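No experiment lies behind these values; they were computed from the predicted model shown.
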Amino acid sequence: MTTSTQTTTKTEHHTPKTATSDSISPLFAKDYNVYINHTDAGGIVYHANHLVFFENCRRDWFAKLGLNGYFLQTDTGDVQHFVVSQADLQYKRAILLDEVISVRIDDVEIKPASIVFYQSIHRHLTDSAASSNAGLLSRGKIVIACVQNQLRPTPNTGDKDHADDTAAANGALMRPIRVPQKLRAAIEQAAARQTPVNQ
């Protein structure tokens, strides 16, 4: 990622809820197949592909909430979207070729211009082992920042100097903005329905 976004916000310490530790059902969970293109020569999923599974899970959750992926358009035609600004991962166990894994969104924290996702990947276990952390493969804290494109399309005059001047005048390619209200409301409504597993 070539663009970084920093937002300084005073928040209280947040302890994520996880289905394994607090017996709280995840906000969203989906099973994914592990294919050969996810793995190295030894049949183990590349560490970077944990991020791919987390990303797919977030997109699928947004789709379930009725949101059009990461790209939103305002009434004025401005394009708002999300970029990953931070990713902290803990790898617990290897994910293997041909497994079916459960990728989850355990909790979400909404900040003024970003959303913090607490996610995890689990191996399917028998009922006797399901109450422990034996099936936890990895967990991550992923921060996505809400930004708006600054550059607008300009006619192609063939003048390279003019194009360079236009880009410079526009300054940064994107700027941080507040999380759209529609997205905030959808996430807050989903989080309000999060319940203990046994209820």
**Request:** Side-chain contact test, heavy atoms from C-beta onward, threshold under 4.5 Å: evaluate it for Leu183 versus Phe82 and give yes or no.
**Result:** yes
**Prompt:** Under a single-linkage definition using a 4.5 Å side-chain heavy-atom cutoff for Ile, Leu, Val, Met, Phe, Trp and Tyr, are Leu89 and Val52 assigned to the same hydrophobic cluster?
**Reply:** no
**Request:** Find out whether Val147 and Gln80 are in side-chain contact, i.e. whether some heavy atom of one side chain is under 4.5 Å from a heavy atom of the other.
**Result:** no
**Prompt:** Please walk me through it: do Ile177 and Arg175 pass side-chain contact (heavy atoms from CB on, under 4.5 Å)?
**Reply:** CA-CA 6 Å; Ile177 60 169; Arg175 65 179 176 86; 3.2 Å; yes
**Message:** Taking Leu137's backbone N and O only, do any of them form a donor-acceptor pair with Arg123's side chain (distance below 3.5 Å, no angle check)?
**Reply:** no
**Complete:** Only residue of Asn49, Leu97, Ile44, Ile95 satisfying side-chain contact (heavy atoms from CB on, under 4.5 Å) with Thr39 is Leu97
**Asked** Which pair of non-hydrogen atoms, one from Ala113 and one from Val179, has the smallest distance, and what is that distance?
**Response** C-CG2, 3.9 Å
**Message:** Run Val116 and Val108 through side-chain contact (heavy atoms from CB on, under 4.5 Å) and show every step you take.
**Reply:** CA-CA 6 Å; Val116 184; Val108 175; over 6 Å; no
**Item:** CA sep, side-chain torsions, deciding dist, call: Val34, Ile101, side-chain contact (heavy atoms from CB on, under 4.5 Å)
**Value:** CA-CA 7 Å; Val34 177; Ile101 55 175; 4.2 Å; yes
**Asked** Does the Arg184 side chain pair with the main chain of Lys111, one donor and one acceptor, at a distance under 3.5 Å?
**Response** yes
**Asked** Looking at residues at least two apart in the chain, or sitting in another chain, which of them share a salt bridge (Lys or Arg N to Asp or Glu O under 4.0 Å) with Asp60?
**Response** Lys30
**Message:** Minimum heavy-atom separation for Asp106 and Ser120, please, with both atom names.
**Reply:** OD2-OG, 2.6 Å
**Prompt:** On the ring face of Tyr118, is Arg139 found with NZ or CZ under 6.0 Å from the centre and within 45° of the axis?
**Reply:** no
**Message:** Taking Val103 as the starting point, is it possible to reach Leu96 by hopping between hydrophobic residues whose side chains are less than 4.5 Å apart?
**Reply:** no
**Complete:** When every non-hydrogen atom of Leu27 is compared with those of Ala191, the smallest separation belongs to CD2-CA, 3.5 Å
**Message:** To the closest 0.5 Å, what do you measure between NE2 (His47) and CG (Asp40)?
**Reply:** 11.0 Å
**Item:** Minimal non-hydrogen separation, Ala190 against Leu65, with atom names
**Value:** CB-CD2, 4.0 Å
**Test item: Phe53 and Val45 side chains (from C-beta on) under 4.5 Å apart, heavy atoms** = yes
**Prompt:** For the atom pair CG (Asn56) and CH2 (Trp61), what is the distance rounded to the nearest 0.5 Å?
**Reply:** 15.5 Å
**Request:** Evaluate the side-chain proximity of Cys57 to Arg104: yes if any heavy-atom separation is below 4.5 Å, no if none is.
**Result:** no
**Item:** CA sep, side-chain torsions, deciding dist, call: Ile144, Val83, side-chain contact (heavy atoms from CB on, under 4.5 Å)
**Value:** CA-CA 5 Å; Ile144 61 172; Val83 294; over 6 Å; no
**Message:** Using the rule that Ile, Leu, Val, Met, Phe, Trp and Tyr join whenever any side-chain heavy atoms are under 4.5 Å apart, tell me whether Phe117 and Tyr91 fall into a single cluster.
**Reply:** yes
**Message:** Let me confirm one number: the NE2-OG distance from His124 to Ser102, rounded to the nearest 0.5 Å.
**Reply:** 5.0 Å
**Complete:** Closest non-hydrogen contact found for Ser138 with Phe54 is OG-CZ, 3.9 Å
**Request:** Run through Arg58, His50, Glu55 and flag the one making a side chain to side chain donor-acceptor pair (under 3.5 Å) with Gln119.
**Result:** Arg58
**Item:** Non-hydrogen side-chain atoms of Gln86 and Asp88 separated by less than 4.5 Å
**Value:** yes
**Message:** Taking the side chain as everything from C-beta on, heavy atoms only, tell me whether Ile115 gets closer than 4.5 Å to Val143.
**Reply:** no
**Message:** When you group the ILVMFWY residues by side-chain heavy-atom contacts below 4.5 Å and let the links chain together, are Val84 and Phe62 in the same group?
**Reply:** yes
